[in-house]
Chemist: 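Here you go, one structure.
Below, all heavy atoms of this structure are taken into account, side chains as well, without hydrogens, waters or symmetry copies. Numbers restart at 1 for each chain; the letters A, B, ... are given by sequence-line order, proteins then strands.
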Amino acid sequence: MIALVDGNNFYVSCERVFDPRLEGRPVGVLSNNDGCVVARSEELKALGVAMGAPLHLLPPDIRRRAALLSSNYALYGDMSRRVNQVLAEFSPDVEPYSIDESFVGFDGFPAARLEAHCRALRDTVGRWTGIPVGVGVAPTRVLAKVANHQAKREPAHEGVCLLGADDAATRRVLERLPVTALWGVARRSGERLALMGIDTAWQLREADPRWVRSRFSVVMERLIWELRGRPSITLDDMSEPRQRILVSRSFGRLTGDLDELRAAVRQHGARAAEKLRRQGSQARALQVFLRTNPFLAGEPQYRNSVVVALPEPTDDSRAVLEAASRGLEALFLEGYRYQKCGVMLLDLVEAERRQLPLLDGPAGEARRDRSRRLMAALDRLNREMGRDTVRFGLPRRDSAWALRCQRRTPRYTTRWDELMRVKTA
DNA sequence: TCTGGGGTCCTAGGACCC
DNA sequence: TCTGGGGTCCTAGGACCC
């Protein structure tokens, strides 16, 4: 059996741990740039605020009544680690899946004691971290997701729900579950399934796997096996290095200025290179993209991207920045007001295993050695002295790409200075 | 004035090879 | 006179997730 444990309204719950005045109030956490609502307390959901609702379209009375906070990822990441530490006390097999959910394996655990064990897990997470969680347990990941959904929806479960593959209870749940509520079925597939008369999770479970595969893909076929209780989805190992690294941001205000765009692209490239070195990889290519704001119907629209090959696999910020700048020059067109740009590192290889250029003698090796030492020193300074202690080129104040986040709470768990400020305020 | 950011997997189709 | 078939690799784009 496998459990899915996830935090209820996770970001909101994290904020509430450190500011109990938020209890019982409608609370929302906003995306970057204070753009959209990405987490909602139950009270905010009750007011009809949808997931992803743009802040500027919320009715004024809701904006007045609700606490709407900028996201504080340093805090949420730290709380996520704490939750996983508690989970590890209950099973050696914990797979973090996202910042707010983890799969916990209970293979070989006595079935009779599983429910009590999961209730103890839930209580302990609540007591030790302050985060309320829901626990869904089933033979497969897809069913565990369904069980988790039930655990939260039906108060009678008190946060823990077990589903067997062939229980009558499981059938009743699946018959009432819209197929688009399943993990992996969203609007597009939902529309196509509806045309074939498949509206509920149970109908999908009863469909012919081969037929579904021919109409959709192997992904949908696996879903059927999972619903029937045969594990068919393996998670990508979260400890494996990423295959791509993307850094992108919307601008705080639109800009058509190439210098500003260059500054943003260089900032993103530098951040991406840091991530690259942290996971011990090197990139062989990168992609730069640029776009206007698609929501502004009256504005001329432009979006484009370009892939730039790197001369040799590298994790050197200077090489990444140089290539990213060239990519931007190739993309940039005058006369548009741009809203977002980004840099994606592609074709990643492990630093130790990378293939060196042919005909590259001792000079090349010496150059790479200097690069390694320089980057290591750079990362160490920024780690120990604070982010952006050392950076490439001059920062510009009030540049277009500076993020808006005017509603951020203190980074309670990772910044002593901000914590002290709260205490003395 | 104001609509996030960072990932994964799969498939189709073209290029290329023998 | 005759114009195949099968394989691999790569890329772009779709769909989905949190």
Chemist: Answer yes when A/Glu158 and A/Arg122 have at least one side-chain N-carboxylate O distance shorter than 4.0 Å, and no when they do not.
Modeler: no
Chemist: Give me the ring orientation class for A/Tyr302 and A/Tyr338: parallel if the planes are under 30° apart, tilted from 30 to 60°, perpendicular past 60°.
Modeler: perpendicular
Chemist: Less than 3.5 Å apart, which donor and acceptor atoms pair up between the side chains of residues 131-145 of chain A and the rest of the protein, not counting sequence neighbours?
Modeler:
unit_1: A/Thr140; atom_1: OG1; unit_2: A/Leu143; atom_2: N; d: 3.3
unit_1: A/Thr140; atom_1: OG1; unit_2: A/Glu226; atom_2: O; d: 2.9
unit_1: A/Thr140; atom_1: OG1; unit_2: A/Glu226; atom_2: OE1; d: 3.4
unit_1: A/Arg141; atom_1: NH1; unit_2: A/Ile233; atom_2: O; d: 3.0
unit_1: A/Arg141; atom_1: NH2; unit_2: A/Glu95; atom_2: OE1; d: 2.7
unit_1: A/Arg141; atom_1: NH2; unit_2: A/Glu95; atom_2: OE2; d: 3.1
unit_1: A/Lys145; atom_1: NZ; unit_2: A/Glu101; atom_2: OE1; d: 3.0

Chemist: Is the CZ atom of A/Arg119 crowded by more than 12 outside heavy atoms at less than 6.0 Å?
Modeler: yes
Chemist: Nearest to the side chain of A/Lys275, heavy atoms from C-beta on, is which of B/dC10, B/dG7, B/dG4?
Modeler: B/dG7
Chemist: Which of these nucleotides, B/dC2, C/dC18, B/dG6, is closest to any side-chain atom of A/Arg249?
Modeler: B/dG6
Chemist: Aromatic contact between A/Tyr11 and A/Tyr73, with the criterion being ring centroids under 6.0 Å apart: yes or no?
Modeler: yes
Chemist: For A/Ile245, report the nucleic acid contact type (base, sugar-phosphate, nothing); a contact means any heavy atom under 4.0 Å.
Modeler: sugar-phosphate
Chemist: For the side chain of A/Gln243, starting at C-beta, report the closest nucleotide among B/dC9, B/dC10, B/dG6.
Modeler: B/dC9
Chemist: Could you write nucleotides 11-17 of chain C as a row of B, S and -, 5' to 3', where a protein heavy atom under 4.0 Å of any base atom gives B, of only sugar-phosphate atoms gives S, and otherwise -?
Modeler: ----SSS
Chemist: Here's a test of your reading of the structure: between A/Lys340 and A/Arg213, which maps to the more 5' nucleotide of DNA chain B?
Modeler: A/Lys340
Chemist: State the pairing partner of B/dG7; accept Watson-Crick or G-U wobble contacts with both distances under 3.5 Å, and report none otherwise.
Modeler: C/dC16
